[in-house]
Amino acid sequence: MSPAIQNTLDIEAELQVKYHVSITRDVFSPDNPLLLETVDRSDPAAKQLVILDAALSAVLRERVEAYFAAHDVAVEVIEVDSGEINKNLDTCLSIVDALERSGARRQSNPPIAIGGNVLIDVAGFSASIYRRGIPWVRVPTTLLGMIDGSVSAKTAVNHQGNRNRLGTFHPALRTVVDTGLLASLPRRHLVNGCGEILKMAMIKDSRLFSLLEEHGPGLVASHFRTDPAEDVVTRAIDGMQSELRQNLWEKDLRRIVDYGHTFSPPIEMAVVPELLHGEAVAIDCLFTAVLSYVRGWLSGTDVRRVARTMHRLGLPLDHPLFYDIDMLERAMEEARLHRDGSLNLPVVQEIGSCTFTQEVTREELHQVTALLKELARSAGEDLPAPILQH
Ligand SMILES: NC(=O)c1ccc[n+]([C@@H]2O[C@H](COP(=O)([O-])OP(=O)(O)OC[C@H]3O[C@@H](n4cnc5c(N)ncnc54)[C@H](O)[C@@H]3O)[C@@H](O)[C@H]2O)c1
Ligand SMILES: O=C(CO)[C@@H](O)[C@H](O)[C@H](O)[C@H](O)COP(=O)(O)O
Ligand SMILES: [Co+2]
């Protein structure tokens with residue numbers, strides 16, 4: 001027998017999760033029961049902790065407090081500054097301190113995070129490390145948080161200039177989506193959410209793309225209160241959940257939902273807060289669509305449809321860093337590391353379906369940037385420049 005190894009125990013266990021995403025109206029109306037379902041009433045001294053995006057203080061704080069008061073539930077609201085610039089460990093630790101003060105426990109009385117997806121990502125990360133993980137509940141208040149983060153299991157903070165470098169898989173026990181909360185969301189953030197809807201449409205839902213193409217500007221103008229808002233939001237959420245549920249723990253790193261997330265992450269981080277997440281993702285979607293055109297896959301007509309839709313929504317079509325070939329190559333290198341050595345770059349072959357590629361040459365990057373420049377310049381013109389014609 002080898003003197004070094006005496007025995008090996010093989011331990012195997014499965015991690016099963018169950019969580020709920022509810023779409024509702026008037027989440028803070030006292031007759032809406034969704035946020036009461038996780039309140040622990042067994043301990044009369046227990047308080048419901050609410051982690052509120054500070055930007056929503058004037059709009060929501062009173063409504064949140066009145067909601068719980070109507071049900072005789074004591075509530076403690078802490079306000080947390082949001083925005084990408086605050087998505088860091090300091091914010092996380094301030095939330096952990098609040099969890100400690102509130103007596104949050106491992107099994108019950110989950111805190112409720114209400115706000116943009118930055119606040120939600122940080123609150124979820126805090127919940128996942130406090131006492132090695134406590135349950136939590138979330139109410140996203142941005143379009144992006146409603147259609148993308150709402151079904152996700154991922155939490156994160158940025159670290160040392162790297163996007164989402166520290167994070168966990170720790171889905172909220174319950175997520176409540178109420179598009180009525182978009183009434184106060186500034187226009188730019190509505191458009192930003194459309195960037196991620198565009199991604200979802202391009203990779204797997206051509207009908208969603210057509211809806212965005214035809215109705216996107218009207219939906220933004222009405223803060224998603226007019227038709228076909230419900231259809232668009234439901235389709236986007238459905239697309240996300242159908243991708244995530246089959247690969248929640250990301251054992252498979254070939255993920256079509258990574259479309260738009262290969263070139264953009266370091267560019268987005270390099271210029272925070274100049275480009276919002278959905279804006280950077282949308283530019284990457286267009287960039288990669290042009291790459292697909294260069295390879296003879298996606299038609300010029302479809303690339304122009306994407307560019308025109310983005311332009312009409314008010315999304316940026318480019319950014320100087322998307323013309324920096326060294327930056328683009330560094331971004332691919334970083335994506336390779338993140339994806340365990342393979343680029344796994346999703347590429348749309350026709351609107352609504354996707355494949356993967358493992359290499360993009362420097363020569364291709366030059367071709368793409370030249371075409372993107374032309375496309376960005378001409379997107380607002382009635383007659384498109386004579387490029388991308390086949
Ligand atoms: N966990 C995931 O799976 C997942 C998915 C998608 C995106 N994300 C992350 O989400 C972040 C972007 O989230 P975001 O776009 O929601 O940005 P955000 O959280 O910064 O919110 C945008 C701004 O709007 C304010 N705000 C939020 N809701 C409002 C409302 N209803 N009315 C008025 N103001 C409001 C916020 O305070 C903030 O200033 C990125 O960091 C991205 O990585 C995570
Ligand atoms: O931005 C996010 C999550 O942060 C989502 O839109 C998206 O679908 C994916 O999860 C991204 O591929 C990002 O993943 P990661 O880089 O945070 O691992
Ligand atoms: Co994203």
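Note that ligands are numbered from 1 as they come in the structure, with each ligand's atoms numbered from 1 the same way.
- Checking T142, D121, V281, N192 against atom 21 (O) of ligand 1, the nearest heavy atom belongs to T142.
- Of the candidates N117, L181, N86, it is N117 that places a heavy atom closest to atom 4 (C) of ligand 1.
- Between the choices K199, H338, R255, E243, the shortest heavy-atom distance to atom 7 (C) of ligand 2 belongs to K199.
- Not counting sequence neighbours, the partners of H71 by the ring pair (Phe, Tyr, Trp, His ring centres under 6.0 Å) test are Y67.
- For atom 11 (C) of ligand 1, the nearest non-hydrogen atom from the set V157, N158, V118 belongs to V118.
- Of the heavy atoms in D148, only side-chain atoms (C-beta onward) come closer than 4.0 Å to ligand 2.
- Atoms of ligand 1 found under 4.0 Å from any heavy atom of G83 (numbered from 1 in listed order, with element): 20 (O).
- The single protein non-hydrogen atom nearest to atom 15 (P) of ligand 2 is K154 NZ, 3.4 Å, given as residue, atom name and distance.
- Closest to atom 24 (O) of ligand 1 by heavy atom, among H189, H261, M269, K87, is H189.
- Counting only heavy atoms of the protein, atom 32 (N) of ligand 1 lies nearest to S184 OG, 2.8 Å.
- From the protein, the heavy atom lying nearest to atom 2 (C) of ligand 2 is H261 NE2, 3.7 Å.
- Between H277 and H189, the ring center distance fails the sub-6.0 Å criterion.
- The option with the heavy atom closest to atom 42 (C) of ligand 1, from among M240, R163, E268, is R163.
- In terms of polar-atom proximity, defined here as any N/O pair under 3.5 Å, D148 makes no such contact with ligand 1.
- Counting only heavy atoms of the protein, atom 29 (C) of ligand 1 lies nearest to L185 CD1, 3.4 Å.
- With the Co ion (ligand 3) as vertex, H277 NE2 and E196 OE2 subtend 90°, rounded to 10°.
- Scanning the protein heavy atoms around atom 12 (O) of ligand 2, the nearest turns out to be D258 OD1, 2.1 Å.
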